[in-house]
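Side chains are part of it too, since the values below use all heavy atoms of this structure and drop only hydrogens, waters and symmetry mates.
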Amino acid sequence: MEFSRRETLALGLGAAALTMLPMRVMAAADDAIAAFTGGADMSDAGVTLDAPEIAENGNTVPVSVSAPGAVSILVLAAGNPTPGVAQFNFGEASGEQSASTRIRLAGTQDVIAIAKMADGSFAKASSTVKVTIGGCGG
Amino acid sequence: MADNVKPRVKAPKKAAAGEIIVLKTLISHAMESGQRKDSDGNKIPRSIINRFTCDINGKNAVDVTLEAAISTNPYFEFSAKIEEASELKFTWYDDDGSVYEDSKSVAIG
């Protein structure tokens, strides 16, 4: 099979578009982070994210977040079709600012937790979870 | 209202004043993400619980915004500080407008 000049060009463009695809998903997660922090700097300390290293089933992945002194914690899954997972807002009757839940992950990816502290600063933690079976159907 | 939605809450019956207690909640709900397709290839519309709150004597303890990435039968574990004999109120808000409620009381002792 021989490629004409035009076909070769189209193939190249297709390959370029494919590599751009994950970038777009990451951009959606970045947008969600920017909407939450308003572009403020994030420190690495102050929030802990517990997630398994390997999840056999992406349909229920147990994660827990904890950030002493936080007013809210945003959890994102950067590789999901929609990156948002949950946002925990802690009120005056909350004890420790921690929560656990079970989430869906479409595939191997980074789970990100961002905490907003009472003084208005932000902290970020992320953890890579390997997923054997994705949890988004399809 | 979605079918067979049943909230369950696990809370201690008693706590010391000022103690931080752990609360566990589970509600049966399909949490249809809006990403899945049926056998004909049509997208199944999104139907999830989008908000969960817990109030203790009218004071908010936690207010969670849920997205489609929360698993079927949403489970939450969190903590709350008990100062006095308290009435705990748990509320789930469904996409279709339904509200599911449960309550527990915690005594001091």
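- With values rounded to the nearest 0.5 angstrom, B:Met31 atom CE is found 12.5 Å from A:Arg102 atom CZ.
- Counting heavy-atom pairs under 4.5 Å between each of A:Ala77, A:Ser72, A:Ala93 and chain B puts A:Ala93 at the top.
- A:Val71 and A:Ile114 fall into different hydrophobic clusters, where Ile, Leu, Val, Met, Phe, Trp and Tyr side chains are chained together by heavy-atom contacts under 4.5 Å.
- In the hydrophobic cluster analysis, where Ile, Leu, Val, Met, Phe, Trp and Tyr join through side-chain heavy atoms closer than 4.5 angstrom, A:Val63 is grouped together with A:Val65.
- No part of B:Thr25 comes within reach of chain A, as not one of its non-hydrogen atoms sits under 4.5 angstrom from that chain.
- Under the 4.5 Å side-chain heavy-atom criterion for grouping Ile, Leu, Val, Met, Phe, Trp and Tyr, A:Ile33 is not connected to A:Val47 through any hydrophobic cluster.
- Heavy atoms of other residues, nucleotides or ligands lying less than 6.0 angstrom from CG of A:Asp119 number more than 12.
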- Message: A:Asn80 vs B:Gln35, test: side chain to side chain contact (heavy atoms under 4.5 Å, CB included). Steps then yes/no.
- Response: CA-CA 10 Å; A:Asn80 272 7; B:Gln35 301 283 346; over 6 Å; no

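- Applying the 6.0 Å contact sphere to CD of A:Glu56 captures no more than 12 heavy atoms from other residues, nucleotides or ligands.
- For the side chain to side chain contact (heavy atoms under 4.5 Å, CB included) test, residues two or more places apart in sequence or in another chain that qualify with A:Ser94 are A:Phe90, A:Gln97.
- Of the listed residues (A:Ala86, A:Ser64, A:Pro62), the one with the most heavy-atom contacts under 4.5 Å to chain B is A:Ala86.
- A single hydrophobic cluster is seen to contain both B:Val106 and B:Ile108, as judged by linkage of ILVMFWY side chains at heavy-atom distances under 4.5 Å, directly or through other members.
- For B:Leu26, the part sitting under 4.5 Å from any heavy atom of chain A is the side chain, from C-beta outward, and nothing else.
- The cluster map of Ile, Leu, Val, Met, Phe, Trp and Tyr, joined by side-chain heavy atoms under 4.5 Å apart, puts B:Val5 and B:Phe90 in the same cluster.
- The interface of residues 58-67 of chain B with chain A, defined by heavy-atom distances below 4.5 Å, comprises B:Lys59, B:Asn60, B:Ala61, B:Val62, B:Asp63, B:Val64, B:Thr65, B:Leu66, B:Glu67.
- Here B:Ser79 contributes atom OG and A:Glu96 contributes atom CD; the two are 5.0 Å apart, rounded to the nearest 0.5 Å.
- For chain B, the option among A:Gly84, A:Ser66, A:Ser100, A:Gly91 with the highest count of heavy-atom pairs below 4.5 Å is A:Ser100.
- For the pair A:Thr101 (side chain) and B:Phe76 (backbone), a donor-acceptor distance under 3.5 Å is absent.
- Shown are A:Asn57, A:Asn59, A:Thr60; of these, the side-chain contact (heavy atoms from CB on, under 4.5 Å) with B:Ser71 is made only by A:Thr60.
- Open room surrounds CD on A:Glu53; 12 or fewer heavy atoms of other groups in view lie less than 6.0 Å from it.
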